[in-house]
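Notes to accompany the following structure.
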Amino acid sequence: MSYLILVSSLLTVLLMIFSKNVFYSYYKEIDFKIKQRLDVMLKLAIIAPIIVLIVIVILNITYFKTKFNIRVSHEWLLLSFWVCCVIFYYISAEISRIKSLMIILPAIGMLISMGVAVYLTPLHIYENIFKDTNLIIPNSYGVIMIIVAYYTNYALLKKGAKN
């Protein structure tokens, strides 16, 4: 089961890259009033993960005194899936008014990332899935997802700033 979660994280990364390219190909047809409103969501997706990680680490140090490594790893992987879900939603909302067929890639990515995030939310499920796995592996997949998500986020916001 851990392999399925890790493969879905790689699939999420690939779908995000392809979805960004679909967004770029239809960029000239996008309604810029809607884009400006949705850009606020992307700007929040830059700041929110940092705040969430700080709060979670503080809670783990002060309140949840057991299983620190597992909790931080769990929260890191979930955070990366949720950030990817927000970016997929943004791309879907932008492209949906242009070509409804083109939202298939971001919609699939959003469903996969949201489904995995919801499934992994209980800590005991995460523990059971990754009990025989070194925590460096899901952490590195989470890092890859966050790096691609931040790059995509930056590219989507930068594309709007040029025009």
Side-chain angles (χ1 to χ4, degrees), residues 2-57 71-121 126 130 133-163:
S2 63
Y3 295 117
L4 182 64
I5 301 297
L6 297 176
V7 166
S8 66
S9 69
L10 287 180
L11 183 63
T12 302
V13 166
L14 291 175
L15 285 172
M16 186 170 301
I17 292 169
F18 290 136
S19 296
K20 178 183 65 92
N21 293 337
V22 168
F23 177 81
Y24 279 168
S25 65
Y26 291 103
Y27 182 73
K28 295 186 187 231
E29 301 173 36
I30 290 175
D31 184 9
F32 289 104
K33 291 180 184 177
I34 295 172
K35 183 176 180 347
Q36 287 176 343
R37 284 189 231 144
L38 288 174
D39 280 352
V40 175
M41 181 175 59
L42 278 187
K43 291 175 184 173
L44 183 64
I46 292 172
I47 299 168
I50 298 167
I51 295 170
V52 167
L53 282 176
I54 291 170
V55 168
I56 285 173
V57 167
R71 287 183 191 275
V72 171
S73 173
H74 170 250
E75 292 143 0
W76 179 253
L77 192 63
L78 280 179
L79 182 70
S80 39
F81 274 112
W82 281 117
V83 168
C84 290
C85 185
V86 167
I87 294 172
F88 281 127
Y89 175 76
Y90 174 86
I91 295 172
S92 298
E94 291 288 337
I95 296 175
S96 67
R97 300 199 186 270
I98 302 165
K99 297 243 182 186
S100 58
L101 186 62
M102 286 295 125
I103 67 167
I104 291 174
L105 282 178
I108 290 172
M110 185 173 57
L111 289 174
I112 289 172
S113 60
M114 186 185 307
V116 172
V118 168
Y119 178 72
L120 286 179
T121 295
Y126 183 84
F130 292 109
T133 308
N134 190 350
L135 288 179
I136 294 174
I137 295 170
N139 286 343
S140 59
Y141 278 77
V143 166
I144 291 169
M145 287 175 65
I146 286 288
I147 288 172
V148 171
Y150 268 85
Y151 170 74
T152 304
N153 198 344
Y154 173 74
L156 292 173
L157 287 173
K158 184 179 173 190
K159 185 77 172 174
K162 284 183 181 177
N163 294 327

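Nothing fancy with the numbering, it's 1 onward along the sequence.
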Exercise for the section: Could you tell me whether Y24 atom OH has more than 12 heavy atoms of other residues or ligands within 6.0 Å of it? Expected result: yes
Handout entry: Of all pairs that satisfy side chain to side chain donor-acceptor pair (under 3.5 Å), the ones with a partner from residues 8-22, not counting sequence neighbours
Key = none
Taking distance alone, no hydrogens or angles, what donor-acceptor pairs closer than 3.5 Å link side-chain atoms of residues 44-55 to residues at least two apart or in another chain?
none

Exercise for the section: Mind checking side-chain contact (heavy atoms from CB on, under 4.5 Å) for L4 and listing every partner two or more places apart, or none if nothing turns up? Expected result: M1
Practice task
Could you note down all residue pairs passing ring pair (Phe, Tyr, Trp, His ring centres under 6.0 Å) where residues 73-120 supplies at least one of them, sequence neighbours left out?
Solution key: H74-Y126
Handout entry: Euclidean distance, E94 CD relative to F32 CZ, rounded to 0.5 Å
Key = 9.0 Å
Handout entry: L78, I137, N139 screened by side chain to side chain contact (heavy atoms under 4.5 Å, CB included) with S73, the one that passes
Key = N139
Practice task
Could you check L156 against I91 for side chain to side chain contact (heavy atoms under 4.5 Å, CB included), going step by step and ending with a plain yes or no?
Solution key: CA-CA 9 Å; L156 292 173; I91 295 172; 3.9 Å; yes
Practice task
Verify the ring-centre separation between Y150 and Y154: is it less than 6.0 angstrom?
Solution key: no
Handout entry: Heavy-atom closest contact (T133 atom, P138 atom, distance)
Key = CG2-CD, 4.3 Å
Problem - Distance, nearest 0.5 Å, that separates CD1 of I103 from CD1 of I95 - result: 8.5 Å
Practice task
Please report the shortest heavy-atom distance between M16 and A149, naming the atom on each side.
Solution key: SD-CA, 3.7 Å
Practice task
State which residues pass side-chain contact (heavy atoms from CB on, under 4.5 Å) with V13; sequence neighbours excluded, sorted by chain then number.
Solution key: I17, I144, M145, V148
Problem - With L10 via side-chain contact (heavy atoms from CB on, under 4.5 Å) - residues at least two apart - result: Y141
Report all side-chain donor-acceptor pairs from residues 106-115 shorter than 3.5 Å, counting only partners two or more places apart or in another chain.
unit_1: S113; atom_1: OG; unit_2: G109; atom_2: O; d: 2.9
unit_1: S113; atom_1: OG; unit_2: M110; atom_2: O; d: 3.2

Problem - Euclidean distance, L38 CG relative to L157 CG, rounded to 0.5 Å - result: 11.0 Å
Practice task
Considering only NZ, NE, NH1 and NH2 on the basic side and carboxylate oxygens on the acidic side, decide whether D39 and K35 come within less than 4.0 Å.
Solution key: yes
Handout entry: Y26: side-chain contact (heavy atoms from CB on, under 4.5 Å) partners, not counting sequence neighbours
Key = V22, E29, I98, K99, M102
